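Being a predicted model, the structure only gives us computed values, none of them experimental. Atoms within each ligand, like the ligands themselves, are counted from 1 in listed order. Residue numbers count from 1 along this sequence.
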Amino acid sequence: MLDKTKRGWWRSAVFYQIYPKSFQDSDGDGIGDLPGIISRLDYLEKLGVDGIWLSPVYDSPQVDNGYDISDYRAIWPPFGTMADMENLIAEAKKRGISIIMDLVLNHTSDRHFWFREARKGKDNPYHDYYIWRTGAPDAPPNDLCAVFGGSMWTYVPELGEYYFHQFAPEQPDLNWDNPKVRRELYDMIRFWVEKGVEGFRLDVIDSIAKEPDRHITSRGPHLHEYIRELSREAFREEGLVTVGEAWSADVEEAKRYSAPEGRELSMIFQFEHTFADCAHGDKWDVVPLSLPTLKRCMERWQRGLHGKGWNSLFWDNHDLPRIVSRWGDEGEYRVVSAKMLATALHGLQGTPYIFQGEELGMTNIRLPIEEYEDLETRNRYQEQIARGMPEAEVRSSIYARSRDNARTPMQWTGGENAGFTTGKPWFVLNPNYKEINAQAALEDPDSVFYYYQALIALRKRYEVFREGDFTLLEPDDERLFAYTRETETEALLVVCNFSRGETAFSRPEGFGEAVPLLSNYPDARETLRPYEARIYYRRREP
Ligand code: TEU
């Protein structure tokens with residue numbers, strides 16, 4: 001059991017992300033909920049995870065599935081009650097599992113009390129909790145475009161002012177330059193720490209400091225000043241794990257966020273690797289994966305943060321398509337490719353995050369456009385069609401990149417509604433739940449589930465997974481991702497064939513006698529078969 005009172009316990013931990021709406025329904029309303037999560041804690045304990053990152057469960061109008069919070073200290077009723085939340089924290093703790101809550105500090109819902117007050121008038125005490133600019137109708141302060149489409153400015157006629165929102169108009173940005181806002185947020189965080197929450201994921205934390213008039217919507221001049229204050233005022237306990245979502249971060253910036261002396265955060269979610277199959281840095285502009293690009297990115301982050309910061313490790317989350325569909329194979333090689341992708345990631349230095357269903361090899365979904373639920377997807381389709389883009393092209397990029405790929409309900413059994421709900425699911429199930437589900441996985445010793453379980457156990461058993469130096473092998477190879485991890489006393493060799501073809505592989509010097517720790521094929525041959533992955537281990541003489 002990890003000592004979670006000590007800074008740095010998360011360097012040996014593996015976390016699991018739950019998107020509550022789609023995880024497990026307990027009362028038949030078709031929406032996942034807190035009692036449903038509690039009923040699945042034994043499953044997560046069996047997997048071996050040390051913490052759960054819980055996407056927002058706070059009260060919310062659900063315009064952005066809970067990332068639009070109307071009350072930070074209340075639970076959205078369909079998810080359950082505050083007693084359910086307290087019970088989840090307690091039951092998880094009994095199993096050695098920490099609850100890491102998702103904090104959306106950059107913006108609130110437009111239904112939040114603060115915003116409802118703010119829009120009452122310029123002299124309202126809550127007005128400057130948000131960012132306003134005087135202007136005339138149809139003449140926004142500038143042409144900043146919101147992440148989910150449209151302008152970043154929405155006009156309030158009765159005030160003759162625009163308010164600023166980087167996401168939906170229903171998600172007004174908070175004014176972090178106002179110390180009252182910061183104090184309110186720190187007090188709210190302490191409320192959750194006192195309830196026993198042991199960590200926080202910080203939504204778009206790089207956007208809290210901004211200067212919209214200068215087109216600066218993230219990494220504003222006060223960013224690290226605010227994060228250090230946030231850490232000092234709200235994350236006082238040494239053992240609190242904090243991970244900031246920072247789409248804009250590069251390695252240098254990540255060193256500031258995650259420096260070992262702990263004045264800011266434990267780590268960040270960086271996203272550079274998720275653009276290795278995107279043209280022009282646009283997630284919707286789909287191109288084939290460039291494995292050398294991905295490998296060099298991983299090398300930069302592994303070597304850049306070694307001893308100077310800390311990496312998070314993830315392929316999937318609730319905003320990303322499912323990795324087995326994206327860089328693996330959905331067909332005959334689904335299981336081996338899911339295991340290969342897990343090997344490539346879990347052999348690296350950092351804290352791995354498993355997104356719900358990733359441990360089953362769950363896949364993307366393809367729907368008639370009108371069935372997509374995510375506002376980003378719906379807005380994207382409307383905007384692109386309005387621009388005259390060929391409909392088939394727009395649909396194809398939505399199939400590949402819609403956030404809804406990650407939000408189909410968790411597939412627990414091959415029975416009705418995949419065991420997710422006895423009611424009508426809030427969102428469509430992937431029809432492949434009949435073959436891909438947790439019940440089948442638990443009954444199959446060769447399932448993706450047990451492979452993830454083995455990877456998690458390896459991280460705890462061998463210190464080299466946590467501390468080893470990273471060296472990339474064969475950087476230009478288009479099929480093979482191979483690297484070593486070394487400490488004074490241990491060494492790993494990780495080899496992954498990212499292709500559906502056979503690929504040559506020869507052990508590097510010093511690994512001739514290394515023993516196989518794990519593989520996704522029952523035996524080893526001269527070449528690597530489609531999506532074959534292997535981890536070798538050897539002890540070193542200091
Ligand atoms: O995501 C930040 C964000 O911008 C992503 O939605 C991503 O950049 C986008 O999908 C790219 O097209 C966080 C949350 O993870 C996301 O679910 C929220 O919708 C968003 O912030 C607003 O809170």
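Shortest contact from atom 7 (C) of ligand 1 to any protein heavy atom: Trp247 CZ2, 3.5 Å. Nearest protein heavy-atom contact of atom 1 (O) of ligand 1 is Glu245 OE2, 3.1 Å. Remark: minimum distance from atom 4 (O) of ligand 1 to any protein heavy atom is reached at Phe167 CE2, 3.3 Å. In this structure, atom 15 (O) of ligand 1 lies nearest to the protein heavy atom Asp319 OD2, 2.5 Å.
For Arg366, the CZ atom is loosely surrounded, since the number of other residues' heavy atoms within 6.0 Å does not exceed 12. For CZ of Arg263, the number of neighbouring non-hydrogen atoms (other residues, nucleotides, ligands) closer than 6.0 Å is 12 at most.
Close approach to His318 involves these atoms of ligand 1, each under 4.0 Å from a residue heavy atom: 14 (C), 15 (O), 16 (C), 17 (O). Which parts of ligand 1 touch Arg403 is read off a 4.0 Å heavy-atom cut-off, strictly below it: atoms 6 (O), 10 (O), 16 (C), 17 (O), 18 (C), 19 (O). Heavy-atom proximity to His107, at under 4.0 Å, picks out these atoms of ligand 1: 22 (C), 23 (O). Close approach to Asp203 involves these atoms of ligand 1, each under 4.0 Å from a residue heavy atom: 13 (C), 14 (C), 15 (O), 21 (O), 22 (C), 23 (O). Below 4.0 Å from some heavy atom of Glu376 lie the following atoms of ligand 1, by number and element: 9 (C), 10 (O), 11 (C), 12 (O).
A salt bridge between Arg403 and Asp64 is present, with a side-chain N of the basic residue lying under 4.0 Å from a carboxylate O of the acidic one. Salt bridge annotation for Asp213-Arg133: present, with a cationic side-chain nitrogen under 4.0 angstrom from a carboxylate oxygen. The residues Arg73 and Asp187 are annotated as not salt-bridged, no charged nitrogen and carboxylate oxygen being separated by less than 4.0 angstrom. We find that Glu233 and Arg183 are joined by a salt bridge, their nearest charged nitrogen and carboxylate oxygen being less than 4.0 Å apart. Ion pairing between a basic and an acidic side chain is recognised when a charged N comes within 4.0 Å of a carboxylate O; Lys120 and Glu117 show such pairing.
Contacts with ligand 1 closer than 4.0 Å are made by no heavy atom of His165, backbone or side chain.
Inclusion of Trp284 in the set of residues having an N or O under 3.5 Å from an N or O of ligand 1 is not warranted.
Considering Leu320, Leu375, Asp64 only, the shortest heavy-atom separation from atom 22 (C) of ligand 1 involves Asp64.
The only member of Leu305, Val243, Thr351, Leu265 that meets side-chain contact (heavy atoms from CB on, under 4.5 Å) when paired with Trp310 is Thr351.
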